[in-house]
Amino acid sequence: MAKLRSVKGMNDILPADMGRWHRVEAAFRHRAERYGYAEVRTPLLEPTELFVRGIGEVTDIVEKEMYTFEDKGGKTLTLRPEGTASCVRAWLQHSVGGQEPVTKWYYVGPMYRRERPAKGRYRQFHQVGCEIYGDPGPYVDAELIDMVVGFLRELGVLDVEVLVNSLGSGDTRERYREALVAHLEPHRATLSEDSQRRLEANPLRVLDSKAPEDQEAAATAPTLLDFLSDEDRAHFDGVQDTLTALGTPFQVAPRLVRGLDYYTRTLFEVIGRGGDLGAQSTICGGGRYDGMIGDLGGPATPAIGFAMGVERVLLSMPDEAAAAPLDVFVVAEAGVRAPATALARELREAGLRVEADLRGRSLKSQFRRADKSGAPVALVLGEREVDGGGVQLKELGKGTQTSVPRDALVASVREALG
Ligand code: ATP
Ligand code: MG
């Protein structure tokens, strides 16, 4: 049989890397909760139609990237490629809008897109994200962006650029669309195949294209900012003024557009300039989607959110010494393995991270494992210690060993750990 391997672009995260993952996830949860967000967990599988309607038919995700299949009952299902559509579905399904004026949710979890794998681009990847329903902004827009920057700063990701734009709303978009098509039409022959096809259906996506042949037409295109209505303009000014008041540096990027069809008004990206990101430098993308909930059959409700790629955050983070995974390694003679188990439990109940080698190997081999484990402290238990009530405490880095009375054990270990 051929060697069994994971699916291309879908990676194992092994225990050696888990410390960094936990650090990112914990920092995100703590920050989101400090800002008043509550966690939501939605299924990994959804009806395909949710994403087709929620993301838009003429998008990279829906056209090319979804893992879609028929289940045994003939239902067409898709592994979620992003979190926003599922959150909106859950919010509508459970009538959350009728229970509270403003909903603030966050999520953490894997997403699936069949793209070409590269550094920072995978077929199973992980996002953390936030969604807010019921607040039209602009203050909350700026607060959301500032929260992302604060989160990255906490993790040592300092070298970032915040790009903001406004896509306007209502007829702004319609008027801009016409001007954009008029600008792109003369370039039609030299545009990429995707862009030629999208020219009528979704001309904004031509600006978001990564194909080199589209760059010139995109760079000279009219910008949305010239088309904003007075209300859109006031909203965008409000976002910028609030960011300035918060002291969050940003740049206006008039040609910034993004994947989803539904974005209105505020749009933003956070680009990483340092670390090990390579070509995949967009760490976070988000925006307002005031039209989506109404279009999916719900009550017209303003909404804004962002999603951040965890793998890209990890690539941007500075290296740090990995924290020791264990506090204590228990080394025991073969005849006292039962009391050694009780001793390990006592320390674990006291909150320490403890490993014991219970296979009955030689003391020498157990000490080798203790040294390799990274635990700063080894506790040595033999017949003599069990009878006499004391335990040998060895500080592995220093090589010092002292005898500690059984009832002072936890305090002595804590002292040795500093
Ligand atoms: P890109 O332009 O890099 O394809 P995108 O616009 O498709 O990104 P979004 O849908 O906005 O990405 O997702 C938000 C974030 O999720 C991205 O900024 C990125 O950090 C992360 N992300 C998206 N796709 C992938 C992927 N295939 N692998 C790893 N991270 C991803
Ligand atoms: Mg993409």
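The model shown is predicted, which means the values in this text are computed figures rather than measured ones. All values below were derived from every heavy atom in this structure, side-chain atoms included, with hydrogens, water molecules and symmetry-related copies excluded. Remember, it's 1-based here, ligands and their atoms both numbered in the order they're listed.
In this structure, the side chain of Arg114 does not engage the main chain of Tyr67 through any donor-acceptor pair within 3.5 Å. For the pair Asp214 (side chain) and Leu191 (backbone), a donor-acceptor distance under 3.5 Å is absent. Between the side chain of Glu57 and the backbone N or O of Val62 there is no donor-acceptor pair closer than 3.5 Å.
Counting heavy atoms of neighbouring residues, nucleotides and ligands inside a 6.0 Å radius, atom CZ of Arg345 does not exceed 12 of them. Counting heavy atoms of neighbouring residues, nucleotides and ligands inside a 6.0 Å radius, atom OH of Tyr35 exceeds 12 of them. No more than 12 heavy atoms of other residues, nucleotides or ligands sit less than 6.0 Å from atom CD of Glu49.
Under 4.0 Å is where a charged nitrogen must lie from a carboxylate oxygen, and between Asp60 and Arg198 at least one such pair does.
Nearest-heavy-atom check against atom 8 (O) of ligand 1 across Glu269, Arg114, Met111, Arg312 picks out Arg312.
Ligand 1 has at least one atom lying under 4.0 Å from a heavy atom of Arg113.
Residue-level proximity to ligand 1 for Gln127 is carried by the side chain, the only part with a heavy atom below 4.0 angstrom. Residue-level proximity to ligand 1 for Lys210 is carried by the side chain, the only part with a heavy atom below 4.0 angstrom. When heavy-atom distances to ligand 1 are checked against a 4.0 Å cut-off, Arg258 comes that close only through its side chain, counted from C-beta outward.
Near Ile283, meaning under 4.0 Å from one of its heavy atoms, ligand 1 places the atoms 18 (O), 20 (O). Distances below 4.0 Å separate heavy atoms of Glu115 from the following atoms of ligand 1: 24 (N), 25 (C), 26 (C), 27 (N). Proximity to Arg121 (heavy-atom distance under 4.0 Å) selects the following atoms of ligand 1: 1 (P), 3 (O), 4 (O), 26 (C), 27 (N), 28 (N), 29 (C). Annotation for ligand 1: atoms under 4.0 Å from non-hydrogen atoms of Gly120 are 28 (N), 29 (C), 30 (N). Close approach of ligand 1 to Gly309 (heavy-atom distance below 4.0 Å) involves ligand atoms 15 (C), 16 (O), 20 (O), 21 (C).
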